[in-house]
A.B. asks: 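Got a structure for you, questions after.
The chains referred to below are lettered A, B, ... by the order of the sequence lines, with proteins before strands, and numbering in each begins at 1.
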There are 2 protein chains.
Amino acid sequence: MDCVVFGLDDEGLKVLLIQRGLAPFEGKWALPGGFVRVNETLDEAARRELEEETGLRKVFLEQLYTFGAVDRDPRERVVSVAYYALVNLSEHHVHAATDARDAAWFGVHDAPTLAFDHADILQMALERLRGKLRYQPIGFELLPKKFTLSQLQHLYELVLERELDKRNFRRRILEADVIEETENYRTGQVGPRAMLYRYRPDAVAEVT
Amino acid sequence: MDCVVFGLDDEGLKVLLIQRGLAPFEGKWALPGGFVRVNETLDEAARRELEEETGLRKVFLEQLYTFGAVDRDPRERVVSVAYYALVNLSEHHVHAATDARDAAWFGVHDAPTLAFDHADILQMALERLRGKLRYQPIGFELLPKKFTLSQLQHLYELVLERELDKRNFRRRILEADVIEETENYRTGQVGPRAMLYRYRPDAVAEVT
DNA sequence: CCAAAAGTGTTCTCCATACACCCATGC
DNA sequence: GCATGGGTGTATGGAGAACACTTTTGG
């Protein structure tokens, strides 16, 4: 099981990578992953791995694809069920390494050469994320609990890799009825105060 | 590995099922499936299984999802990568059983109680097929090489489970530029002759 | 001759897009 | 006072949905 963990900071969209301490690919960066235990489901394994690596429990997590090329692991035949996750880097300070291994966040387009077929997995995860974003509101998981519409739009632009029109974006998101106003404003920046919004957890049912 | 094989005949949309000869679920119907060999990819395993069961080689085949509930197989822990396939029942006469086991085609909504979690797998395959059909032309694989627009529309209506407007359907499909006229007509039925169309294999690139 | 199916255009609505200005705040 | 970013409305074009009649052919 391997997991593509996406996070967002002020530099952009990031992915969590682990530097391997053992052969094969010793010293190379790889996606966090591990073996599914005999008494846990695939989802549970992914969630456990994610918690071990980031300390986070409640995150968006979804199965991506299962990779089964014969030689993807040079040691022996290993099939990997890949997941992808969206985590909130801004509030919890994610300790990116629980164990001795080095772990770090890389820009999704600045990742080093990855071990195994993990570049393919990362690529597919990015495409899936883009695809989902197009037709259903997702990705609030990457933002703080309260966020401005500009932050949300910025996230969309990062993932879709194109600029969006501010007025159209705001109208579409608000009409979709998946976020609601809070009574707070973001302040401190130059410029007017920005209304903070919150994801409506009960809205999931309406969308799907 | 398990495989949901869809076929189309004049009764409707069918799925291929195998009656199990061995415990567990002896005598129950199940999806065709088998174990992935150590020197074949997942796709190859699915294709091999499909050929063993139906004798067909060139079919649409796509990975669906990986099922990993702990108790899905009562004997021991088994994770299954599910695929779905679209085959053409009308031209090749598919021998639905290569080996001793009973095999038969069932209407997708008339299937008996299935072994393991295969009902879930079938359900998800149906939803995936519906989802794909909505936004990209697919499903020609279920029809004869040459087909009329009415046949194609009938297929869409079966999968989507709703009626479609004839004029809108024809316009959309023709504008999508994925099928082309042949020089033949279907005749023999009551009523005027119907132009036969063919799928444009080179059109795949344009769509995806 | 009648039932069945093929083929064909236009209108309307709605959604997506394009586009520009004013105002509040921090420095 | 100025740079930064928040917030707002309208006009246009394109896609999808609704809708009915004529013609051909087999029985």
A.B. asks: Does B/Arg170 place a side-chain N or O at less than 4.0 Å from the phosphate oxygens OP1/OP2 of C/dG7?
C.D. replies: yes

A.B. asks: To the nearest 0.5 angstrom, please state how far the CG atom of A/Leu31 sits from the CD1 atom of A/Ile18.
C.D. replies: 9.0 Å

A.B. asks: Are B/Phe60 and B/Phe140 side-chain neighbours, meaning at least one heavy-atom pair lies under 4.5 Å?
C.D. replies: no

A.B. asks: Should the pair B/Arg130-B/Glu161 be classified as a salt bridge under the 4.0 Å nitrogen-to-oxygen rule?
C.D. replies: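 Here B/Arg130 pairs with B/Glu161 in a salt bridge, since their nearest N and O are under 4.0 Å apart.
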
A.B. asks: Whole angstroms only, please: what is the CZ-P distance between B/Arg171 and C/dG9?
C.D. replies: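 Interatomic distance, CZ of B/Arg171 to P of C/dG9: 10 Å.
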
A.B. asks: Tell me, do B/Arg57 and B/Arg47 make a side-chain contact under 4.5 Å, heavy atoms counted?
C.D. replies: no

A.B. asks: For A/Glu163 and C/dA16, what is the distance between atoms CD and P respectively, to the nearest whole Å?
C.D. replies: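 Answer to the nearest Å: 20 Å.
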
A.B. asks: Over 60° means perpendicular and under 30° means parallel, so classify the ring planes of B/His118 and B/Phe116, tilted if in between.
C.D. replies: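 If you compare the ring of B/Phe116 with that of B/His118, the planes turn out tilted.
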
A.B. asks: For C/dT10 and B/Arg167 - does any side-chain N or O of the residue sit under 4.0 Å from the phosphate oxygens OP1/OP2?
C.D. replies: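 Answer no for this pair, as no side-chain N or O of B/Arg167 is under 4.0 Å from OP1 or OP2.
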
A.B. asks: Kindly say if B/Ser150 contacts the phosphate of C/dA6, meaning a side-chain N or O under 4.0 Å from OP1 or OP2.
C.D. replies: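 The answer is yes; a side-chain N or O of B/Ser150 sits under 4.0 Å from OP1 or OP2.
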
A.B. asks: Measure from NE2 on B/His154 to P on C/dA6 and round the result to the nearest Å.
C.D. replies: 11 Å

A.B. asks: Hey, which sits more toward the 5' end of DNA chain C by its nearest nucleotide, B/Val190 or A/Asp165?
C.D. replies: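 Nearer the 5' end of the strand: B/Val190.
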
A.B. asks: Less than 4.5 Å apart, any side-chain heavy atom of B/Gln153 and any of B/Lys166?
C.D. replies: yes

A.B. asks: At the 4.0 Å heavy-atom cut-off to chain A, mark where contacts on DNA chain D begin and end, going 5' to 3'.
C.D. replies: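 That gives a stretch of D/dA3 to D/dT10.
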
A.B. asks: Quick one: are A/Tyr197 and A/Lys146 in side-chain contact, heavy atoms under 4.5 Å?
C.D. replies: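 Heavy-atom side-chain distance check fails, nothing below 4.5 Å.
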
A.B. asks: What is the separation between atom CZ on A/Arg134 and atom C1' on C/dA16, rounded to the nearest whole Å?
C.D. replies: 14 Å

A.B. asks: Between A/Gly191 and A/Lys166, name the one whose nearest nucleotide on DNA chain D is closer to the 5' end.
C.D. replies: A/Gly191

A.B. asks: With side chains defined as the heavy atoms from C-beta onward, is the minimum distance between A/Ile179 and A/Ile173 less than 4.5 Å?
C.D. replies: yes

A.B. asks: Would you kindly give the CE-to-C1' distance between A/Met195 and C/dT25, to the nearest whole Å?
C.D. replies: 16 Å

A.B. asks: Rounding to an integer number of Å, can you tell me how far B/Asn168 CG sits from C/dT10 P?
C.D. replies: 14 Å

A.B. asks: Using five pairs at each end of the helix from C/dC1-D/dG27 to C/dC27-D/dG1 to define an axis, what is the angle between those two axes, to 10°?
C.D. replies: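 Overall, the helix from C/dC1-D/dG27 to C/dC27-D/dG1 bends by 10° from one end axis to the other.
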
A.B. asks: Measure the distance from CZ on A/Arg186 to P on C/dG26 and round it to the nearest whole Å.
C.D. replies: 13 Å

A.B. asks: Please state how far atom CG in B/Leu149 lies from atom C1' in C/dT8, giving the value in whole angstrom units.
C.D. replies: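 Those two atoms, CG and C1', are 12 Å apart.
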
A.B. asks: Between A/Arg77 (side chain) and B/Arg37 (backbone), is there a donor-acceptor pair under 3.5 Å?
C.D. replies: yes

